[in-house]
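A short worksheet on the structure shown next.
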Amino acid sequence: MKISHIEIYRFSIPTEPFVIATGTMHYAQNVLIRIYCSNGIYGVGECSAFPMIVGESQETCIIIAKEFSKVLIGKDPLDIPERMNDILGYAAHNSTIKSAFDMALFDIAAKHARQPLYQFLGGEKRTIETDMTIGIGTPETMAAAALSFVTKGCRIIKIKLGKDVHSDIERVRQIRNAVGDEVILRLDANQGWSFDDALLALGILEPFNIQFCEQPMRTWYDDKLPELKANSSIPIMADESCYNHHDARKLINSGSTDYINIKFSKSGGILEAQKIHEIALQTGTKCMIGGMLESRIALSANLHFALSSPNVVFFDMDSCLLGHLIDPVVGGLTYNGYLIDAPETPGIGADAAPSFLKTCEKWII
């Protein structure tokens with residue numbers, strides 16, 4: 001079995017504006033990859049570019065996808081480590097678009113084995129409950145949004161912060177007052193605070209029963225994370241500070257973080273995510289599976305990975321619920337309220353709707 005050709009789609013999904021500390025997204029800048037094999041099997045991969053976080057845009061992903069495709073034609077898709085080494089050897093970084101190729105290769109391998117991806121990866125079903133994320137707004141609008149989710153059965157709220165520390169404290173205060181004491185609250189400053197801001201905020205917010213705070217400072221302040229962690233009763237989760245398993249090793253060994261957020265757009269896909277998970281597992285550092293603005297295609301791959309990764313205990317898998325105005329997916333994971341279930345069909349079990357693909361710009365390599 002050899003890779004015969006590859007399709008690349010500009011997979012733009014209209015969304016409501018989504019505001020975080022580093023910028024606002026007005027549509028999901030996604031790219032869809034289909035890797036076709038000589039025996040008729042094809043694999044699907046999706047990535048969601050977030051330029052202000054990872055430094056890749058939809059345009060850069062499409063450009064490099066064409067180059068990666070040329071490298072892979074005629075090669076064995078089942079040797080995933082070698083295929084990922086092929087594209088790593090072509091270009092460093094570009095982890096977002098690499099994750100789409102990685103995902104498509106794993107989809108092929110699991111389809112070839114006639115197993116759902118989570119089984120192919122050695123996992124089994126368990127209960128997965130996602131949080132819901134509140135984008136940055138006024139304290140009043142954020143509290144109203146949180147209450148709206150809770151009245152629909154949501155039990156875990158993730159609060160985007162990082163614009164102004166004093167306003168951020170008020171945002172959390174009003175949200176906690178609105179939703180009561182039983183709802184789990186998580187914070188995500190998206191690198192928006194200085195060290196002094198983070199120390200102030202985490203100290204003042206300690207009585208509000210916060211599960212953890214994600215990426216409080218810019219990555220260039222990583223050397224200050226051990227001091228922040230030592231002085232915060234609220235656990236710290238590394239996100240943008242952790243792209244690969246070497247980052248995970250350094251963060252854990254330096255006492256910089258309590259938890260790690262794994263995202264395929266940072267790790268370059270499942271293969272490196274498994275290595276991050278293994279480092280964390282060896283040290284008892286719990287992980288979260290997160291994402292950008294993916295559709296249910298990439299979210300399904302996220303779920304399969306989580307089901308095969310026992311040290312992933314936090315789930316931030318709400319991206320397609322955060323204002324996506326259409327659902328361009330057939331098959332894939334399903335939501336029962338905020339509980340998520342993986343498909344039992346071979347591979348990832350999700351694909352793009354043919355009617356939506358007809359509207360997408362397309363390239364064939």
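Excluded from the calculations below are hydrogen atoms, water molecules and symmetry mates; all remaining heavy atoms, backbone and side chain alike, are included.
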Quick note, ring pair (Phe, Tyr, Trp, His ring centres under 6.0 Å) partners involving residues 260-301, not counting sequence neighbours, are F264-F305
Should K125 and D341 count as an ion pair when the cut-off is N to O under 4.0 Å?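 Here K125 pairs with D341 in a salt bridge, since their nearest N and O are under 4.0 Å apart.
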Quick one: does any side-chain atom of K98 pair with a main-chain N or O of A91 as donor and acceptor, under 3.5 Å? yes
Please examine the side chains of D258 and K229, heavy atoms only from C-beta on, and report whether any two atoms are closer than 4.5 Å. yes
Do I63 and T60 have side chains that approach each other closer than 4.5 Å (heavy atoms only, starting at C-beta)? no
Enumerate the salt bridge (Lys or Arg N to Asp or Glu O under 4.0 Å) contacts for residues 311-323, please, sequence neighbours excluded, ordered by first and then second residue. K158-D316
Applying salt bridge (Lys or Arg N to Asp or Glu O under 4.0 Å), which residue pairs with at least one partner in residues 290-306 are found, sequence neighbours left out?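 Residue pairs with at least one partner in residues 290-306: R296-D327.
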For [X], does the [atom1] atom sit with more than 12 other heavy atoms under 6.0 Å from it, leaving out its own atoms?
| X | atom1 | result |
| --- | --- | --- |
| Y335 | OH | yes |
| R10 | CZ | yes |
| E361 | CD | yes |

Not counting sequence neighbours, which residues clear side-chain hydrogen bond (donor to acceptor under 3.5 Å, both in side chains) with T219? List them please. none
What residues, two or more places apart in sequence or in another chain, satisfy side-chain hydrogen bond (donor to acceptor under 3.5 Å, both in side chains) together with K111?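 Listed in chain order: D107.
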Non-hydrogen atoms of L105 and M84 that approach each other most closely: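 Closest pair (atom of L105, atom of M84, distance): CD1-SD, 4.1 Å.
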In the hydrophobic clustering that connects Ile, Leu, Val, Met, Phe, Trp and Tyr at side-chain heavy-atom distances below 4.5 Å, which members other than I297 occupy its cluster, ordered by chain and number? Y9, F11, I13, L32, Y36, Y42, V44, I326, V329, F356, L357
If you draw the axis of the six-membered ring of F195, does the NZ or CZ of K224 fall within 45° of it and under 6.0 Å from the ring centre? yes
Ring centers of F68, F101 separated by less than 6.0 Å: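 Centroid separation for F68 and F101: below 6.0 Å.
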